[in-house]
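Here is the structure we will look at.
All values below were derived from every heavy atom in this structure, side-chain atoms included, with hydrogens, water molecules and symmetry-related copies excluded.
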Amino acid sequence: MNKLRYFALCSAVGFCAAGVAAAQTVADGINVLGSTSVKFASGPETIAGNLYLPANYDASQKYPAIVVSHPWGGVKEQTAGLYAQRLAKEGFVILAYDASHYGESTGTPRDYEDPSVRLRDIRSAVSFLENRQEVRTGAVDTLGICAGGGYTLHEAQFDPRVKATAAVVAYDIGGAARHGIEGSEVSSEQF
């Protein structure tokens, strides 16, 4: 792992967390300002994303990039969008996206949480950014929030393209599905 990129990502995440309290509301559409809507394939689904470019973007330059994965039940315009905006201000190309079955991405049933699909979506998002002309070769990292953090940490173990990853309040949704939220047992009917 490139230590400089790791510390840059961690520093930017710390900066993001510090700026959360000053944000306007999601209802105001504040977390999409400065982004461009994009779409890409993930298996049979079409993923909707918001692409954020660095504040002083120069088309002749190539930038490091970060995929931001949203929490369970979230969408790209919420927490992921806030982090994406703040990281773009730090000089990164950022992709916040709706996982399959969420938001503007395709997939039925809606609001369906499948860990293998979420991992595939992260892998597809990394591939999408790798093929962007403004992204530096070999410089796509990942950030996940809540359940997205759990998935991001898992995916980074198996994707050699990802050199740095970070999670904010990572949550193990697989463990929660197997053992219940807060460790309470899950009956076969509930499961």
Side-chain angles (χ1 to χ4, degrees), residues 1-20 22-24 26 28-42 46-70 74-99 103-105 118-145 148-149 151-153 155-168:
M1 173 183 301
N2 179 320
K3 288 182 182 178
L4 181 59
R5 282 179 43 202
Y6 173 77
F7 287 117
L9 180 57
C10 289
S11 295
V13 169
F15 172 78
C16 291
V20 171
Q24 291 175 298
V26 173
D28 294 333
I30 195 70
N31 294 345
V32 297
L33 295 177
S35 71
T36 302
S37 294
V38 296
K39 294 192 185 283
F40 59 94
S42 180
T46 300
I47 302 299
N50 289 331
L51 185 70
Y52 300 78
L53 299 177
N56 296 317
Y57 177 71
D58 176 350
S60 69
Q61 300 295 313
K62 294 199 178 277
Y63 298 88
I66 302 171
V67 170
V68 180
S69 299
H70 63 76
V75 291
K76 65 189 176 301
E77 295 84 5
Q78 295 172 324
T79 310
L82 175 62
Y83 277 82
Q85 278 184 328
R86 299 296 175 110
L87 288 164
K89 288 179 183 176
E90 296 297 312
F92 294 91
V93 171
I94 308 295
L95 174 64
Y97 67 94
D98 291 333
E104 294 179 289
S105 293
R118 290 287 300 261
L119 295 174
R120 181 190 70 206
D121 291 346
I122 295 167
R123 202 170 314 121
S124 298
V126 169
S127 295
F128 173 78
L129 281 180
E130 275 195 325
N131 291 305
R132 299 284 307 183
Q133 62 88 21
E134 62 271 342
V135 173
R136 187 180 309 147
T137 302
V140 178
D141 299 318
T142 56
L143 166 67
I145 304 148
Y151 297 132
T152 295
L153 292 173
E155 176 56 27
Q157 295 176 69
F158 301 101
D159 192 337
R161 301 172 300 170
V162 176
K163 306 296 188 256
T165 191
V168 178

Checklist entry - How far apart are the closest heavy atoms of Arg120 and Ser42, and which atoms are they? => result NE-OG, 3.2 Å

Checklist outcome for this item: Rounding to 0.5 Å, atoms CD (Glu155) and CG (Leu119) come to a distance of 5.5 Å

Checklist entry - Would you call Lys76-Glu104 a salt bridge at under 4.0 Å N-O? => result yes

Checklist entry - CG of Leu82 to CG of Asn31: how many Å apart, nearest 0.5 Å? => result 5.0 Å

Checklist entry - Around Asp58, counting heavy atoms of other residues, nucleotides and ligands shown, do more than 12 lie under 6.0 Å from its CG? => result yes

Next on the checklist: Given 3.5 Å as the limit, does a donor-acceptor pair link the side chain of Asp98 with the main chain of Val75, or not?
Outcome noted: no

Checklist entry - Looking only at heavy atoms, which two atoms of Arg118 and Gly148 are closest? And how far apart? => result NH2-CA, 3.7 Å

Checklist entry - Taking all atoms of both residues into account, what is the closest heavy-atom pair of Phe92 and Ile66, and its distance? => result CD2-CD1, 3.6 Å

Next on the checklist: Using every non-hydrogen atom in the two residues, find where Val93 and Pro54 come nearest and quote the distance to one decimal.
Outcome noted: CG2-CD, 3.9 Å

Checklist entry - Are Lys163 and Asp141 side-chain neighbours, meaning at least one heavy-atom pair lies under 4.5 Å? => result yes

Checklist entry - Hey, does the side chain of Gln85 reach the backbone of Gly34 with a donor-acceptor pair shorter than 3.5 angstrom? => result no

Checklist outcome for this item: dist Asp121:CG -> Tyr151:OH (nearest 0.5 Å) comes out at 10.0 Å

Checklist entry - Heavy atoms, side chains only, cut-off 4.5 Å: are Val168 and Leu143 in contact? => result yes

Checklist outcome for this item: So CG of Asp159 and OG1 of Thr152: to nearest 0.5 Å the spacing works out to 11.0 Å

Checklist entry - Does the side chain of Glu134 come within less than 4.5 Å of Leu53's, by heavy atoms? => result yes

Checklist outcome for this item: Scanning both residues in full, the closest heavy-atom pair of Arg136 with Pro64 reads NH2-CD, 3.5 Å

Item to check | Side-chain heavy-atom pair Leu95, Phe40 within 4.5 angstrom cut-off | outcome: yes

Item to check | Exercise: identify the closest heavy-atom pair between Asn50 and Ser37 | outcome: OD1-OG, 3.8 Å

Checklist outcome for this item: From the list Leu153, Leu129, Val67, side-chain contact (heavy atoms from CB on, under 4.5 Å) partner of Thr142 resolves to Val67

Item to check | Close side-chain approach of Arg123 to Arg161, heavy-atom, < 4.5 Å | outcome: yes

Next on the checklist: Does the plane of the ring in His70 sit parallel, tilted or perpendicular to the ring in Tyr97? Use 30° and 60° as the thresholds.
Outcome noted: tilted

